[in-house]
Structure formats: structure tokens, C-alpha cells
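As C-alpha cells, the structure follows; a few thoughts come after it.
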Protein chains: 2
Amino acid sequence: MLRRSKPPDAAATPAGPARPRMEDVAAAAGVSMKTVSRVFNREPNVREATRRRVEEAAKRLNYLPNTSARSLAANRSYLVALLYDNPSSNYIMEVIDGVLDACRSADYNLMLRPVDYAGAGHVEAVGQVIAQYRPDGLVLTPPLTDDGALLERLRHLGVRYAGLSAKPGNVRIGAVLDERRAVAEMLAHVVALGHRRIGHITGHRDHGARAWRLAGYRDGLRRAGIAYDPALVVEGRHTFESGVAGARRLLDLAHPPSAIFAANDDTAAGVIFEASERGLRVPDDLSVFGFDDTPLSRQIWPGLSTVRQPSREMGRIAAEQLLREIRGTGTGRVVRVPYQLQLRRSIGPRRRA
Amino acid sequence: MLRRSKPPDAAATPAGPARPRMEDVAAAAGVSMKTVSRVFNREPNVREATRRRVEEAAKRLNYLPNTSARSLAANRSYLVALLYDNPSSNYIMEVIDGVLDACRSADYNLMLRPVDYAGAGHVEAVGQVIAQYRPDGLVLTPPLTDDGALLERLRHLGVRYAGLSAKPGNVRIGAVLDERRAVAEMLAHVVALGHRRIGHITGHRDHGARAWRLAGYRDGLRRAGIAYDPALVVEGRHTFESGVAGARRLLDLAHPPSAIFAANDDTAAGVIFEASERGLRVPDDLSVFGFDDTPLSRQIWPGLSTVRQPSREMGRIAAEQLLREIRGTGTGRVVRVPYQLQLRRSIGPRRRA
DNA sequence: CTGTTAGCGCATTCAA
DNA sequence: TTGAATGCGCTAACAG
């Protein structure tokens, strides 16, 4: 069969009109295929005039490289996988948006992999995915960023990865926000409003970040000269429901807190919900604050005070740094991003009961 | 250079140990490559014993087919693209989850494409994406499901697609929920609680679904013998902010409604927020209901009454039907999914002012 | 700075 | 029911 006689059954594979190939572009521009390849891969060593000729020919023919062929020949997938296990869709969606931004600029594709972090064999499952799709790199979100077993496997497999992290020093490539400092600063603010009994609903037991936010909480107390009271700290799971449950426990205490720090916005929403159920007014009777500044924090009433975490940017940065390494255009590094206290109406001065 | 002498610089591409190829499996099983190929593509005409031998050999060697090579040879991408333009991350994330479920079962990969529906040239942009990545099919969410120009282009390009739709008959393959009926039913419920002046904050002007939900609203009024009052219908955009703005307009009326139907949950959250800002109690002073039953509807206080839309399932179904066509295992069809009135505390009996 | 050639790993003819 | 040969479209190596 002659090569390139357009397939007789073009109707079977709904592919539209036959696509031009690199060879066609090369012919049209009067250069070799390799030169076209260079232009499309932004390699150096192409005269500017030549580059332009090629680009014009490509545009004229409406040429776009075939990703499968590129992948096969180059032994790359042009694929970045995002691994996540986080119950907050708002958070994940922001990260996705950021990662997509970076991927688009690099003509990379994003692959989504929800990971059941708690489930046995999640490391194995990730290994399978990598073996099958060979992503050129991974982006990890918390808590996977801190999952020792997973990271070790990734290193063993030789896969590059970047992470979004809550603690400086915990990741080699990616975006970091110093959550400990952020929380401590927010606590200082709340203390300044007169609160002395400040409860905390922690993150999930297996989340590494749980520890940083808790540490920030303790830092804040210590600096204010307030003794740490374990009775005021209850366990959450980053979910709305765990916020409701945590609030119940804290508000049922004989001497309940006048303010509650929830490990994330979803949890904080649960606290506000439970307070409202009890007829408590926020912030008059109870101050509440969270972490992340997801859209939810604006959508509940009263508006939630929280630590703004630039999740979308963090996703973009992590992917960008990863792609730098993948494409060899530089060395990926850690970028520290700033947090910001987002003060809304859910916190207010302490009022005597 | 000899084929398959393992690349000398294996370290450069961090790929781990050399992967077995189909040839290796064939040799180990004592069959030809074609037979292995048949087994992996679940083609008929393979003796059961042979099939088993091949599968065992593959498992022993830890073989997984190379997607790029498959794509190139078969002229398929093994890729499904999800096109969306919806401001509610909760909603999109649920759809994504569903589509991912279906893709995983079929060993297909998901590609995410946010589309700027309002932006000029969004049809062009989608065309570019299709040309470059050649997804084997698309899943469309509202409002793209109803985007005539886009659909026409897709048909012209010969790309298969499935959709999530709000109106029976609007899509050839996918999942459909009859939103008009759903809204009318919810209205009947609210009318039964004594409400006669029921406001509506619509969806975005360009959303096709806007019309169905509005039609349901009018149906509901008509059946209750309530005259349609245009003054009670204001324009929204499916966002929280547009809910706040819409609520302001409605509540500022000389004769404000006692209940408000917001086109989606995000918008309804805005209404509740604005009501709370004004010191109105929901539902005592104002009943509010939305549409979608995203997590948000549980996370605000009071809990939001809404129409439960099984978004995740709809995503899964649409992708499944699409994949049936792609893989030739059947004919894609439209699956009607049930809605459900999700009654929470945000609606209550009308109280005389 | 540019071109030539081989082969990435699989599906696909068509024959047996 | 199975196998052998060919090429999908591109990049890599190396020569020029």
C-alpha cells in the first residue's frame, strides 16, 4: 500500500479531512523535516528567516504536530498528572485551574488522578498509573506532598514531581506557603480582639499539614502568653461535617471557647452552621476562622475570616517549575508564596457572656 | 544501531528499568505479536487457552501497552475531553468525578478544557484543541450542550460528543434531567406552603438552561393560578454575587416576594447572604431555594432547599455512552436521570408580615 | 546552521 | 484461529 494514500475508510474514524504532516510542511517551506521539528520544539540553531518560513508554511497548511507520534519518538508523554486527595472541591478546582494554565503554555496535557490516600495500596495504584501512562511529571497536593511512602516510590521510579506544600523545606520543587507563620499571625489578630480561650479543630490525622497549622496555633498562643489547653483541640477531617461535630464538642464544654480556629474553610463552615443551629450569633457569641480562602468563605454568612492561600497560583507555579525541569529549560525550584489574612465578619471582639 | 539495545543513556530520561514490549510478551507466550494485540484489545477470535497464556505472560513480565504507540498505530488518542464553562466548582468537580469513573473503566484518559463561552472565538479555540489533541470524543456540560455554533462545528469536524442536558431532546447522546418539570414540582411545594409572590433570579442570559428553569417556574405559577409578574424575575449569572445583587433588587421592591427561586445553588447562597445582611430570617421572613444540590447547599445556614441533580452520575453516564460509541461496543443513547426535591430548612410556610 | 536515516511500539492489512 | 510484514508521524543521532 502506498504510504499516505488517504485511508479508504475515512468515514470509520471520524477525523475530518486528512491532516498535513511534518513532511508536507517541510516541502512547502523548502527545508527538511528536521528543521521543521526544530522550529516546533523551539530548539536553537535555526536561522530566524528559516524559522519564519517554516512557521508560515505551517500556518498556511494548518499544520499541528501529532502528539502521539511525538510521544512515541521522543519517549515522552507530554502529560503531567495531578495527584490529589482533598475533600474540598473548591480547593482542588483552583489548583487544577493553575496547573492547566501552566500546561497550556507548554502544550502539555493534564491528567487527573484522585488518590485514595487512606486506602491501602494507594502507592501501588499510583505506580500502576505511572507505568501505564508515563506522565513526564507529577504535581502533588497536600496531603500527598507529605506522604513519605509515596515520595519514596516516586523517587525509585525516577519520576519527576513537584508539590504544593505547607512547610518550607518539605518539597524540592514547587510552591510553598508557610502555614505555621500564617496561622500564628491570624491568632495574634484574634488574641488582640480579646479572646483567650481559642479552640482548634484540626485537619485530618494523616495530613502532614495538620501538624503545621497546629504548630502555628500553639505558636500564637505561646506568644500571647496563653497556656495550651488540650481540651480545646479536637480532631477534624477537613470536611464540613467534621466541623459540625467538632463545634458540638467544643461548644458543649463547661467552659467553651469564645473563638474557634478550623483547619480549613469547609470545617469552619461547619462550625458556623452548628453555632447558628444553637442560636449563637457569629461573631458576637463566637468568632470563627478558617484557612484557604476558597469561594465558600465568601458564600456563607457571615463572611468567613480565613488565611488566603493563593491556590491557583500555587498550582501554576508547581506545574511551571516541574515543566522547566521536564523541558530542560531550567532547574525547578521552590517558590515561596505569600499568604494574606482575609478578614471578614466572622471574627469580632470578645464579649463578656 | 541495533533496535532495542537498551538506550545507552537511560539515565537521561528518568524512566526506570526498560519496559517490556509486546514482542517480549509474544515471545514469552509463544505466540505472535498480533495475538497479544488481540488479547489486549479484547478482540474476538482468540482461543481461551491462548488468551490465558498471553495474559499470564504479560503479568509475569509486568507488561503494559504503550499508549503513544497504540495511539499512533490505531489513529486514536484514547482521550476524552471535557468541555465546560460553569462558574460553580462544586458542580464541575462532581461532573469530573463521574467522567473520570467512566474513563478509568475504559482505560481512557480525560482532558480538561475550560471554554470561555462568552468570549469571541471560543468555537475556534475548541477547533484548535481538537486538531491538536484529537480526542476520540467530547463531553459537554451546560451551557455548551446548547451552543448551536459549537455543536455545528463539532459535527463538521466529525468529532463524537455526548452532553449533559437540561432538556429532553436537546442532545443525541448523554444524560438528561428534565429541569422544567423539576422546577415546576418544587414550585408546587412552595405554593403549598402559602407563598404567592415568588421571585426568580434566572441563570445567565446565554445559558440555554436558563429557559428551561424559567419555563418550569412559569409552569409552576400557572398551575397554581398565580399570574406571572415580570417584576419578580431578575437576571442572574449563576454566581453568588449575582444572587446578592438579584436579592437586593427583589427585596427592595415595594411589594417584595416571600420566596425566591434562584437558578442554582451558588446564586441561592447569595440570596440567603443578602437576606441575612438585612436581618431577615430565612425561612421565617423569606424562603429561598436553588438548583443542583451541590455541597454548598449543605454548608450554608440554614440548609438550602434545592433540586438534587445527580451531576456525578450524569457525568459518568455521558462519558459511558460516548465511550460505547468510540469503542464500538454499542450505540450511545440518551439516559434520563431522575431529579429529587431536596428539602432543607431554607423554605417554610409563608408568614404574614 | 541544516539534512539524512533509522526506529519509537503498536495495529493493521492479508495470507495461511 | 493465528502470523509476518509494513508504516502510523515524528525525533534522535550524526554527518555535513
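Here is how names work: the chains are called A, B, and so on, in the same order as the sequence lines, proteins then strands, and each is numbered from 1.
Residues B/Thr331 and B/Glu325 form a side-chain contact, since some pair of their non-hydrogen atoms from C-beta on lies under 4.5 Å apart. Looking only at side-chain heavy atoms (C-beta outward), A/Ile130 and A/Leu154 come within less than 4.5 Å of each other.
Between A/Met22 atom CE and C/dT4 atom P there is a gap of 15 Å when expressed in whole angstrom units. Distance B/Arg76 CZ to D/dG9 P: 16 Å, rounded to the nearest Å. Atom C1' of nucleotide C/dC10 and atom CD of A/Gln132 are separated by 14 Å, given to the nearest angstrom. Remark: P of C/dG9 and CG of A/Asn75 are 7 Å apart, rounded to the nearest angstrom. Rounded to an integer number of Å, the gap from CG of A/Leu64 to C1' of D/dC10 is 14 Å. To the nearest angstrom, C1' of C/dC8 lies 16 Å from CZ of B/Arg70. D/dT1 atom P lies 13 Å from atom CD of B/Glu43, rounded to whole Å. C/dG9 atom P lies 18 Å from atom OH of A/Tyr133, rounded to whole Å.
Comparing B/Asn45 and B/Ala73 by the nucleotide of DNA chain D that holds the closest heavy atom to each, the one mapping nearer the 5' end is B/Asn45.
Across residues 29-40 of chain B, B/Met33, B/Lys34, B/Ser37 each have a non-hydrogen atom less than 4.0 Å from an atom of DNA chain C (numbered order). The stretch residues 46-56 of chain A comes close to DNA chain C through A/Val46, A/Arg47, A/Thr50, each having a heavy atom under 4.0 Å from the strand.
For the residue pair A/Val159 and A/Gly137, the shortest heavy atom distance occurs at CG1-CA, 4.5 Å. Considering every non-hydrogen atom in both B/Pro310 and B/Val337, the closest pair reads CG-CG2, 3.9 Å.
Contact between the side-chain N/O atoms of A/Asn41 and the OP1/OP2 oxygens of D/dT11 is found at a separation under 4.0 Å. Not one side-chain nitrogen or oxygen of B/Tyr78 sits closer than 4.0 Å to the OP1 or OP2 atom of C/dC10. OP1 or OP2 of D/dG9 has not a single side-chain nitrogen or oxygen of A/Asn66 nearer than 4.0 Å.
A distance-only check finds a donor-acceptor pair linking the side chain of B/Arg53 to the backbone of B/Ala29 [under 3.5 Å].
In summary, B/Glu320 and B/Arg316 engage in a salt bridge, as defined by a charged side-chain N under 4.0 Å from a carboxylate O. With salt bridges taken as basic N to acidic carboxylate O contacts below 4.0 Å, none links B/Glu55 and B/Lys59.
Among residue pairs with one or both ends in residues 128-154 of chain A, those qualifying as side-chain hydrogen bond (donor to acceptor under 3.5 Å, both in side chains) are A/Ser77-A/Asp136, A/Tyr108-A/Asp136, A/His122-A/Asp147, A/Glu124-A/Arg153, A/Gln132-B/Asp107, A/Asp146-A/Asn170; sequence neighbours excluded.
Side-chain N/O atoms of A/Arg155 and A/Tyr161 include a donor and acceptor closer than 3.5 Å.
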